[in-house]
There are 2 protein chains.
Amino acid sequence: MSLPHAILTALLEKPSSGLELTRRFDRSIGYFWPSTHQQIYRELGKLEQAGHIRVLPAAQPARGQKKEYEVLPAGREELAAWVALAEDPRPVRDPLLLRMRAAAVVGAPGLAEELHRHLALHRRQLEEYLEIEKRDFPPERTADEDRLRRLVLRGGIDLETFWTGWLTGAIDDLEGPGAAPDRV
Amino acid sequence: MSLPHAILTALLEKPSSGLELTRRFDRSIGYFWPSTHQQIYRELGKLEQAGHIRVLPAAQPARGQKKEYEVLPAGREELAAWVALAEDPRPVRDPLLLRMRAAAVVGAPGLAEELHRHLALHRRQLEEYLEIEKRDFPPERTADEDRLRRLVLRGGIDLETFWTGWLTGAIDDLEGPGAAPDRV
DNA sequence: CGTCATTGTGCAACTAGTTGCACAATGACG
DNA sequence: CGTCATTGTGCAACTAGTTGCACAATGACG
């Protein structure tokens, strides 16, 4: 039940239409809770139904049939209650680790290449996060109000750092001394 | 499409019944691809249908109506093909990071407690992994054939190390000097 | 022999996320 | 004025995972 809360958070930061939300997701909340426009529209409908958000009366006619949503007090309360909830971390589900495990049984041809590819992807993501950190959280501005947002970004950075580190080690190990890459 | 491959891997390591698979998942493959017995039975049915596995003729009548499955050549081929496939890492979806982001907007009462709770859970998981490493991969036995399995375990260890590290830092930051924990 | 815990298999309904598409309204451009 | 790109909303079908339950067979125990 995280998507509705992700949407409430985004709408509290700034009332938006479905498409605007989708775009904003892609470069902030979507980093740790991605969503498609279809899903977002469906969820907006449910949130409106539940009385958590409402459509803002349109200022002027816009492209398409644009609807701007804003959060109602009930929605804010719902979100605050959710923040304080105890919820266990969701179980890890990682296909790459699973494939390495399978490779231990049926052989690993093609796997090293895939590790290189993933390493490149994670490096790129790490770069992106570091860019955002430089832009949004420069060292001189340690505003207290951004503490939590900075911590979240730090989470992303540390996570990608873990992946690049682990993948680098794995590649070294597989291609390194005495490696038998294609053993069955 | 990872669960069937997880099952094929487990069955290649050792032919098993549905319940045995479920139990074995809980202490190996399930660490990075958890599954319930219901899901496993359903998938076993599909895999049999597809000709990837078959029921072993029963040696002697057992409890319940036990069925032991083994992997057929077609199943092994399917698994080997999957190992070599290019598949992007699945997007991160983490409710805790999301909740921190929400807390930045509606206030953070109760959040620090939750961070402590998660830290304890991740520490426990890390301990468990380190136990397994000590048991299954003692330093003297660097057998080449366990290389991949050891790397997978390393992945789990490094991942939990990331979480404990990040959570520790986040708690320090939130409860530390000049903290304003319940600000709205 | 009856009862109960254990081992074992599985169905049904639901929830959340994905994929593929349809279609409405508007402004820019020839 | 006609066409087309862009902005915008949304339905439908599917896939994967979760939750709650039913029920079969066997062995242990009184």
Side-chain angles (χ1 to χ4, degrees), chain A residues 1-8 11 15-26 29-50 53-56 58-69 82 87-95 98, chain B residues 1-8 11 15-26 29-50 53-56 58-69 82 87-95 98:
Chain A
M1 287 290 295
S2 292
L3 179 58
H5 301 104
I7 292 177
L8 287 173
L11 283 183
S16 309
S17 68
L19 195 61
E20 276 166 28
L21 267 182
T22 306
R23 292 205 225 279
R24 288 176 49 210
F25 258 63
D26 287 346
I29 290 181
Y31 286 128
F32 44 91
W33 205 276
S35 191
T36 58
H37 71 101
Q38 292 92 329
Q39 232 186 320
I40 286 173
Y41 281 116
R42 209 179 347 179
E43 209 60 50
L44 283 171
K46 286 190 201 164
L47 284 167
E48 192 184 11
Q49 203 76 31
I53 61 175
R54 66 159 185 158
V55 178
L56 277 172
Q60 65 269 351
R63 292 210 160 207
Q65 46 265 278
K66 190 171 170 178
K67 287 193 264 178
E68 289 243 300
Y69 290 93
W82 179 73
E87 193 185 327
D88 284 351
R90 47 174 37 198
V92 178
R93 271 210 179 81
D94 190 280
L98 194 59
Chain B
M1 288 290 294
S2 292
L3 179 58
H5 301 104
I7 292 177
L8 287 174
L11 284 183
S16 307
S17 69
L19 196 60
E20 277 165 28
L21 267 182
T22 305
R23 291 205 225 281
R24 289 175 47 210
F25 258 62
D26 288 347
I29 289 179
Y31 286 128
F32 43 90
W33 205 277
S35 190
T36 58
H37 71 102
Q38 291 94 326
Q39 232 186 320
I40 286 174
Y41 281 116
R42 210 179 343 178
E43 209 59 50
L44 284 171
K46 286 189 201 166
L47 284 167
E48 193 185 9
Q49 203 76 31
I53 60 174
R54 64 160 187 159
V55 178
L56 277 172
Q60 66 268 350
R63 290 209 162 205
Q65 47 265 279
K66 191 172 170 176
K67 286 193 266 180
E68 290 243 299
Y69 291 92
W82 179 71
E87 192 185 327
D88 285 350
R90 45 174 38 199
V92 177
R93 270 211 179 79
D94 190 280
L98 194 59

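Letters A, B, ... are given to chains in the order of the sequence lines, protein chains preceding strands, and every chain is numbered from 1.
- Residues from residues 18-25 of chain B that place a heavy atom under 4.0 Å from any atom of DNA chain D: there are none.
- Using a 4.5 Å cut-off on side-chain heavy atoms (C-beta onward), Phe25(A) and Thr36(A) make no contact.
- In this structure, Ile7(B) atom CD1 and dT9(C) atom P are separated by 12 Å, rounded to whole Å.
- Between Trp33(B) and Pro91(A) the shortest side-chain heavy-atom distance does not fall below 4.5 Å.
- The salt bridge (charged side-chain N to carboxylate O under 4.0 Å, His left out) search around Glu20(A) returns Lys66(A), not counting sequence neighbours.
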Q | Under 4.0 Å protein heavy-atom contact, by nucleotide of nucleotides 12-18 of chain D - B base, S sugar-phosphate only | A | ----SBB

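- Residues passing the side-chain hydrogen bond (donor to acceptor under 3.5 Å, both in side chains) test with Tyr31(B) are Glu128(B), sequence neighbours excluded.
- Helical stems in DNA chain D, defined as runs of 3 or more consecutive Watson-Crick or G-U wobble pairs with donor-acceptor distances under 3.5 Å: C:1-30 with D:1-30.
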Q. Is there a side-chain contact (heavy atoms from CB on, under 4.5 Å) between Tyr69(A) and Leu8(A) once you walk through the steps?
A. CA-CA 10 Å; Tyr69(A) 290 93; Leu8(A) 287 173; over 6 Å; no

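- If you measure from atom NZ of Lys67(B) to atom P of dA24(D), you get 15 Å, rounded to the nearest angstrom.
- Here the shortest heavy-atom pairing between Arg93(B) and Pro34(A) reads NH2-O, 2.9 Å.
- What you find for Trp82(B) and Glu87(B) is that their closest heavy atoms are NE1-OE1, 3.7 Å.
- None of Ile40(B), Leu56(B), Leu21(B) except one satisfies the side-chain contact (heavy atoms from CB on, under 4.5 Å) rule with Ser16(B); the exception is Leu21(B).
- In terms of the side-chain hydrogen bond (donor to acceptor under 3.5 Å, both in side chains) criterion, residue partners of Ser35(B) (sequence neighbours excluded) are, by chain and number, Gln39(B).
- In this entry the distance linking NE2 of His37(A) with C1' of dT19(C) reads 10 Å, nearest Å.
- Contact between the side-chain N/O atoms of Lys66(A) and the OP1/OP2 oxygens of dA24(C) is not found at any separation under 4.0 Å.
- Put simply, the side chain of Arg90(B) never gets that close to the backbone of Asp94(A): no donor and acceptor are under 3.5 Å apart.
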